[in-house]
*Asks:* 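Below are the structure tokens for one structure; questions will follow.
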Amino acid sequence: MTTTETPLVRVLEADGSFAPSPASEQYLPVIDALTDAELEQFYRDMVIIRAIDTQATNLQRQGQLALWPPSRGQEAAQVGSAHAARRQDTIFPSYREHAVTRIRGVDPVDILKVMRGISHGGWDPTDSKNGNTRIYTLVLGSQTLHAAGYGMGLAFDGKTGSGDPERDEAVVVYYGDGASSQGDVHEAMVFAASYDAPVLFFLQNNHWAISVPVETQSKVPLAGRGAGYGIPSVRVDGNDVLASYAVSRALLDESRAGLGPRAIEAVTYRMGAHTTSDDPTKYRGSDEEQRWAQRDPIARMRAFLLGRGAGESFFAGVDAEAADAAEDLRARTVELPAPGRGAIFDHVYSEPHPLIAEQKAWLEQYEASFEGGAA
């Protein structure tokens, strides 16, 4: 399979014009059903998460965070797919899905708690306010195994394939082009395919696994990896929020209906660094970055909405909302308290454990032995 043989689903051109590619025809009814309010919400979510992302990067540079993985440039892939999932679906993110988690209900400050080093997980995935969203996974690809297992459980428990889209459940798991080369991802696809698990494997191909280009990782489009396991796979323009939404909604409905796993390769671009500890100028040129900047997903959607008659007051309102969200993130982050010394012992086991209790008591005694009661 070559790139030219793999159709790309695109609805919006880089200039925002509505020009569906031949591969997108079957998904157009999903897009036609969107209301003006929903289209505007797509844009709003992309703008707000970019402002939050920029603020988080600034906080790291100012010493408030240990690390931050920017998501600039990948907003369309995330916003479209997140809105495509239904409320009962379960989300397994990697560590860059800031838009996805926010749309599902996770407070962005909970992500920063992890990056600040004061929380082991950030949020409670069993709390309904977090929209069935599992915590971030920093170990590359391991979340795909978790997602496959969870999806298998849904199938075993009869929570999928009933024909009721308001009740049937599915799973969305996010990972990157680098993680797609991990054995965990391939093992997850084997089990998901073998057990018809309702899992959507959502690969964000941002072209760089830290400093390794995607061409080094695979001689064929990454969508072919899912297809190799008999998983129907679609290649999507990841900078087109409408394409991301429509394909994700269609494939999730198929998985939820009991047709087994599905896969998406969202072709996008990491416009920033891999993390704030990375220097992308050492491995890629400015010409490449400028070419992708012309395909900016937010600028594309803005041009599309302008063409539909959206007024400047709408865009000004979104910008103001984004600025407020970023400032709120800063204010609440710098006020976060340090965790108590006992936090490292919490949640190691689901039930009280004598060894953990012994270690906690030892630490308390050790700290008390210092002048002032702390080392």
Side-chain angles (χ1 to χ4, degrees), residues 7-11 20-35 37-39 41-42 45 76-93 97 99-100 103-105 131-134 144 147-148 150-175 188-189 191-204 223 226-227 229-238 240-266:
L8 184 72
V9 176
R10 175 186 292 130
V11 179
S21 66
S24 68
E25 293 296 329
Q26 62 180 303
Y27 304 105
L28 294 183
V30 178
I31 296 172
D32 291 340
L34 289 167
T35 65
E38 288 172 322
L39 293 170
Q41 188 62 49
F42 289 173
D45 286 335
Q78 294 188 21
V79 169
S81 58
H83 278 289
R86 297 184 186 273
R87 57 177 177 76
Q88 70 268 28
D89 294 336
T90 300
I91 310 299
F92 286 83
E97 281 68 52
V100 175
I103 289 169
R104 296 295 291 187
N132 302 329
T133 307
R134 302 292 154 168
T144 59
Y150 194 92
M152 288 166 60
L154 293 178
F156 293 155
D157 292 343
K159 294 184 177 180
T160 187
S162 75
D164 182 357
E166 297 304 319
R167 183 179 72 82
D168 287 336
E169 300 180 32
V171 175
V172 186
V173 59
Y174 293 87
Y175 60 107
M189 287 185 168
F191 276 87
S194 297
Y195 288 88
D196 288 326
V199 180
L200 173 60
F201 291 89
F202 196 94
L203 164 59
Q204 293 179 85
Y229 296 102
I231 300 176
S233 305
V234 180
R235 205 163 191 250
V236 175
D237 185 336
D240 179 352
V241 68
L242 299 186
S244 176
Y245 169 80
V247 176
S248 298
R249 173 53 72 108
L251 297 191
L252 274 170
D253 284 349
E254 292 174 3
S255 285
R256 210 179 286 106
L259 299 181
R262 297 292 188 264
I264 289 175
E265 178 196 354

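Note that the coordinates shown come from a computational prediction; the quantities given were computed from them, not determined experimentally. The figures here come from the full heavy-atom set of this structure, side chains too, leaving out hydrogens, waters and symmetry mates.
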*Asks:* Go through Val241 and Leu39 one step at a time and tell me if the side chain to side chain contact (heavy atoms under 4.5 Å, CB included) criterion holds.
*Replies:* CA-CA 9 Å; Val241 68; Leu39 293 170; over 6 Å; no

*Asks:* Taking ring-ring contact (aromatic ring centres under 6.0 Å, His included) as the test, write out the residues that go with Tyr245, two or more places apart.
*Replies:*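 So Tyr245 forms a ring-ring contact (aromatic ring centres under 6.0 Å, His included) with Phe42.
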
*Asks:* Mind checking side chain to side chain contact (heavy atoms under 4.5 Å, CB included) for Ser255 and listing every partner two or more places apart, or none if nothing turns up?
*Replies:*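 Scan of Ser255 (side chain to side chain contact (heavy atoms under 4.5 Å, CB included), adjacent residues dropped) gives Pro198, Arg262.
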
*Asks:* For Gln88, what residues pass the side-chain hydrogen bond (donor to acceptor under 3.5 Å, both in side chains) criterion, not counting sequence neighbours?
*Replies:*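 For Gln88 there are no side-chain hydrogen bond (donor to acceptor under 3.5 Å, both in side chains) partners, ignoring immediate neighbours.
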
*Asks:* List for me each residue that meets side chain to side chain contact (heavy atoms under 4.5 Å, CB included) alongside Ser24, sequence neighbours excluded, and say none if there are none.
*Replies:* Val9, Val11, Pro20, Ser21, Leu28

*Asks:* Partners of Glu265 by salt bridge (Lys or Arg N to Asp or Glu O under 4.0 Å), sequence neighbours excluded?
*Replies:* Arg235

*Asks:* Test of understanding: with salt bridge (Lys or Arg N to Asp or Glu O under 4.0 Å), list the residues that count as partners of Arg86, not counting sequence neighbours.
*Replies:*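 Partners of Arg86 by the salt bridge (Lys or Arg N to Asp or Glu O under 4.0 Å) criterion, ordered by chain and then number, come out as Glu166, Asp253.
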
*Asks:* Going by ring-ring contact (aromatic ring centres under 6.0 Å, His included), name the residues that satisfy it together with Tyr174, two or more places apart in sequence or in a different chain.
*Replies:* Phe202

*Asks:* How far does CD of Gln78 sit from NE2 of His83, to the nearest 0.5 angstrom?
*Replies:*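 Output value for this atom pair is 11.5 Å.
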
*Asks:* Would you please name every residue forming a side chain to side chain contact (heavy atoms under 4.5 Å, CB included) with Gln26, sequence neighbours left out?
*Replies:* none

*Asks:* Using the test ring-ring contact (aromatic ring centres under 6.0 Å, His included), find all partners of Phe92 that sit at least two apart in sequence or belong to another chain.
*Replies:*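 In terms of ring-ring contact (aromatic ring centres under 6.0 Å, His included), with neighbours along the sequence ignored, Phe92 is linked to Tyr150.
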
*Asks:* Can you list the residues that meet the salt bridge (Lys or Arg N to Asp or Glu O under 4.0 Å) rule with Asp89, with sequence neighbours excluded?
*Replies:*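 If we apply the salt bridge (Lys or Arg N to Asp or Glu O under 4.0 Å) test to Asp89, skipping adjacent residues, the hits are Arg256.
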
*Asks:* Could you pull out all residues at least two apart from Asp168 that satisfy salt bridge (Lys or Arg N to Asp or Glu O under 4.0 Å)?
*Replies:* none

*Asks:* Applying side chain to side chain contact (heavy atoms under 4.5 Å, CB included), can you list everything that pairs with Tyr229, at least two apart in sequence or on another chain?
*Replies:*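 By the side chain to side chain contact (heavy atoms under 4.5 Å, CB included) rule, Tyr229 matches His186, Met189, Val190, Ile231.
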
